[in-house]
Amino acid sequence: MTLISKLYDWVESRLGISEVIQKEMTGYLLPRTINKWYSLGSVLLFAFALQVISGILLLIYYVPDADKAFKSVSVIMNEIPFGWLIRLCHAVGSNLMVATLFLHMFSVLFMGSYKKPRELQWVSGFTLLNLVMGISLTGYLLPWSQLSFWATTVATNSVGAVPVIGEYLVEFVRGGKLVGPPTLGRFFAVHVAILPVVIAGLIGAHLFFLKRTGISAPPTRNNQAATTWQGGAYHYDKHEGGIPFFPNFFLHDMTSISIYFACLLGVVFFSPYLFFTPDSFVPANAFQTPAHIKPEWYFLANYQILKIFPSEIIGLTVQGAGMTFIALLPFVDRGDKRYPLQRPLFMVCAVGGIALFIALSIWGHLS
Ligand code: HEM
């Protein structure tokens, strides 16, 4: 008996690991018709882990001080061995993670898997999308470049449109009347301590909900059911006769994760500054406003909405209403049908909504 099998037996007799593997891996059955879109959740788990690991490595050399932050990032990029690789994986990774979040959201949207009994999964997922965008926004300030400084000035300005408390809110977020060293301290704390923990906890809740409802079967023309649940007592979707998660679907997950990682490294090696603008290479200067300051691509639609309306408060209200509608979608769209082509009203709203988001983003980019 080898040492490894002895060790396994020792652990097995104490923890019953083989039972857990049978229950959670080989005996965890998924619908036979499951498709590749279902692997986007695992891609997101990988993307988040990569952000955490690269972020911790960056923390070793990054200095959260307004006088030293920009220089410390230059040192990471130019002097620390492989510092450029870690920093670019983190910066490019944040953009690709948001893009993957949109894809995951669209896939559950079109397959109707947000419908009962998976409302909590949708609400927790949508909250995660917003928190990931928030962690990206706070991270944007940390290099303390012209882009960081002025993009944060624009973003925090819009908070001022909130009636009555707007002015206090801006001061609270910035730690002063203007963006300055206290803002960096606040954003740093939120970026590295608060949001990662909250996001990790919420991912745990998202996966817990998934484990409790069981995964949905993809809809077809003849099979609409999100579940065999008819309401009433708790029920788990077993998918008897389905395929095991391990090894069958695990291999699909690994393929999708490899494609994600290849895309990430492709950008890092062949177009490292795809998500950077010239202002990200100039240190922050409070006395020199750059000509064209734009937020990241995924905030361009919000930015354009604020510009379209004559007053910011109307723009904020429109956005708030839109976000609330999306967050509560499973409680509004309660029809039984899940196959997209049999939901014409949904298709018009969803395709129209996505087209509007893209059009506003392009407009925001060009204007
Ligand atoms: C960090 C962010 C997220 C992670 C790590 C994550 C992870 C996962 C995983 C592993 C699954 C199971 C496999 C799959 O269907 O892909 C899943 C399912 C699901 N997710 Fe997410 N997700 C995230 C964000 C979101 C967002 C933004 C939404 C929607 C607004 C969402 C809604 C759902 C729904 C409704 C399901 C159930 C799918 C089904 O049973 O068919 N998730 N998620």
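Relative to the six-membered ring of F331, K116 misses at least one condition, a distance below 6.0 Å or an angle of at most 45° to the axis. Cation-pi geometry between R186 and F172 is satisfied (NZ or CZ under 6.0 Å from the ring centre, within 45° of the ring normal). Cation-pi geometry between R14 and W10 is met: the NZ or CZ atom falls under 6.0 Å from the ring centre, inside 45° of the normal.
How far CG of L142 is from CZ of F70: 13.5 Å, rounded to the nearest 0.5 Å. The CG atom of N302 lies 12.5 Å from the NZ atom of K307; values are rounded to the nearest 0.5 Å. Remark: I354 CD1 to L109 CG distance equals 6.5 Å, nearest 0.5 Å. A distance of 12.0 Å separates CG of D237 from CG of L29, quoted to the nearest 0.5 Å. Atom CD1 of I243 and atom OG1 of T33 lie 9.0 Å apart (nearest 0.5 Å). Atom-to-atom distance recorded for N35:CG and S107:OG is 7.5 Å, nearest 0.5 angstrom.
When atom types are taken as modelled, the side chain of Q146 and the backbone of N285 share a donor-acceptor pair closer than 3.5 angstrom. Using modelled atom types, no side-chain atom of S72 and backbone atom of Y62 make a donor-acceptor pair closer than 3.5 Å. A donor-acceptor contact shorter than 3.5 Å links the side chain of H206 to the backbone of Q121. When atom types are taken as modelled, the side chain of R174 and the backbone of T153 share a donor-acceptor pair closer than 3.5 angstrom. With H239 contributing its side chain and I215 its backbone, the two residues share a donor-acceptor pair below 3.5 Å. A donor-acceptor contact shorter than 3.5 Å is absent between the side chain of H252 and the backbone of K36. Although no hydrogens or angles enter the test, the distance criterion places a donor-acceptor pair under 3.5 Å between the side chain of T138 and the main chain of G134. Here the side chain of Y303 pairs no donor or acceptor atom with the backbone of H365 at under 3.5 angstrom. Between the side chain of S148 and the main chain of Y140, a donor-acceptor pair closer than 3.5 Å is present. Put simply, the side chain of R212 never gets that close to the backbone of L207: no donor and acceptor are under 3.5 Å apart.
Between P283 and W144 there is no side-chain heavy-atom pair separated by less than 4.5 Å. Looking at S18 and Y8, their side chains come closer than 4.5 Å, going by heavy atoms from C-beta outward. Between F188 and L59 there is a side-chain heavy-atom pair separated by less than 4.5 Å. Contact of the L40 side chain with the S256 side chain is not registered, since no non-hydrogen atoms from C-beta on lie closer than 4.5 Å. Annotation: side chain of L300 is not in contact with side chain of L360 (no heavy-atom distance under 4.5 Å). The shortest distance between side-chain heavy atoms of F48 and L45 does not fall below 4.5 Å. Residues T2 and K6 fail the side-chain proximity criterion, which asks for heavy atoms closer than 4.5 Å. Using a 4.5 Å heavy-atom cutoff, the side chains of M25 and P244 are not in contact.
Annotation for F149 and A284: closest pair CB-CB, 3.7 Å, computed over non-hydrogen atoms. Nearest approach of V173 to T156, heavy atoms of both residues: CG1-CG2, 3.7 Å. Of all the heavy atoms in E12 and I17, the pair that sits closest is OE1-N, 3.0 Å. Contact between M133 and F299 at its shortest, heavy atoms only, is O-CZ, 3.6 Å. Residue M111 comes nearest to R343 through the heavy atom pair C-NH2, 4.1 Å, listed as atom of the first residue, atom of the second, then distance. Of all the heavy atoms in P340 and M347, the pair that sits closest is O-CG, 3.2 Å.
Residues V162 and V318 are members of separate hydrophobic clusters, defined by side-chain heavy-atom contacts under 4.5 angstrom among Ile, Leu, Val, Met, Phe, Trp and Tyr. Under a hydrophobic-cluster definition in which Ile, Leu, Val, Met, Phe, Trp and Tyr are linked whenever side-chain heavy atoms come within less than 4.5 Å, directly or via other members, I259 and V43 are assigned to different clusters. Residues W363 and Y298 do not share a hydrophobic cluster, defined by chaining ILVMFWY side chains whose heavy atoms lie under 4.5 Å apart. One hydrophobic cluster, built from ILVMFWY side chains closer than 4.5 Å, holds both L202 and L101. Hydrophobic clustering keeps I314 apart from L316 (ILVMFWY residues linked when any side-chain heavy atoms are closer than 4.5 Å, directly or through intermediates).
No more than 12 heavy atoms of other residues, nucleotides or ligands lie within 6.0 Å of CD1 in I4, so this atom counts as exposed by the packing criterion. The local environment of CD in E24 is crowded, with over 12 non-hydrogen atoms from other residues, nucleotides or ligands closer than 6.0 Å. More than 12 heavy atoms of other residues, nucleotides or ligands shown are found within 6.0 angstrom of CZ on F106. Within a 6.0 Å sphere centred on NZ of K68, other residues, nucleotides and ligands contribute 12 heavy atoms or fewer. The number of heavy-atom neighbours closer than 6.0 Å to CG of L345, taken from other residues, nucleotides and ligands shown, is 12 or below.
Ring centroids of F249 and Y28 are separated by 6.0 Å or more, keeping the two rings apart.
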Pair M254-S39, side-chain contact (heavy atoms from CB on, under 4.5 Å): steps then yes or no: CA-CA 9 Å; M254 286 303 133; S39 59; over 6 Å; no
Check against side-chain contact (heavy atoms from CB on, under 4.5 Å), Q319 and L306: CA-CA 9 Å; Q319 286 187 30; L306 286 183; 3.8 Å; yes
Verdict with supporting geometry, F261 and F46, ring pair (Phe, Tyr, Trp, His ring centres under 6.0 Å): CA-CA 9 Å; F261 200 35; F46 172 81; 5.5 Å; yes
R87/I80 under side-chain contact (heavy atoms from CB on, under 4.5 Å): CA gap, chis, key distance, verdict: CA-CA 11 Å; R87 198 258 170 142; I80 310 296; over 6 Å; no
Pair T152-L137, side-chain contact (heavy atoms from CB on, under 4.5 Å): steps then yes or no: CA-CA 8 Å; T152 305; L137 182 93; over 6 Å; no
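For S361 and Q304, the side-chain atoms include no donor-acceptor pair closer than 3.5 Å. Between the side chains of T127 and S124, no donor N or O sits under 3.5 Å from an acceptor N or O. Counted by atom type alone, N95 and W297 present one or more donor-acceptor pairs between their side chains at under 3.5 Å.
Using a 4.0 Å cut-off between a side-chain N of Lys or Arg and a carboxylate O of Asp or Glu, D336 and K115 do not qualify as a salt bridge.
Each of F269, F275, F276 was compared with Y273 under the ring pair (Phe, Tyr, Trp, His ring centres under 6.0 Å) criterion, and only F276 meets it. Of the options W37, F346, Y339, a ring pair (Phe, Tyr, Trp, His ring centres under 6.0 Å) to F110 is made by F346 and by none of the others.
Using a 30° and 60° split on the angle between ring planes, Y114 and W122 fall in the tilted class, from 30° to 60°. Relative ring orientation between F357 and F102 is described as tilted, the plane-to-plane angle lying within the 30° to 60° band. Ring geometry for F82 versus W84: interplanar angle of 30 to 60°, hence tilted.
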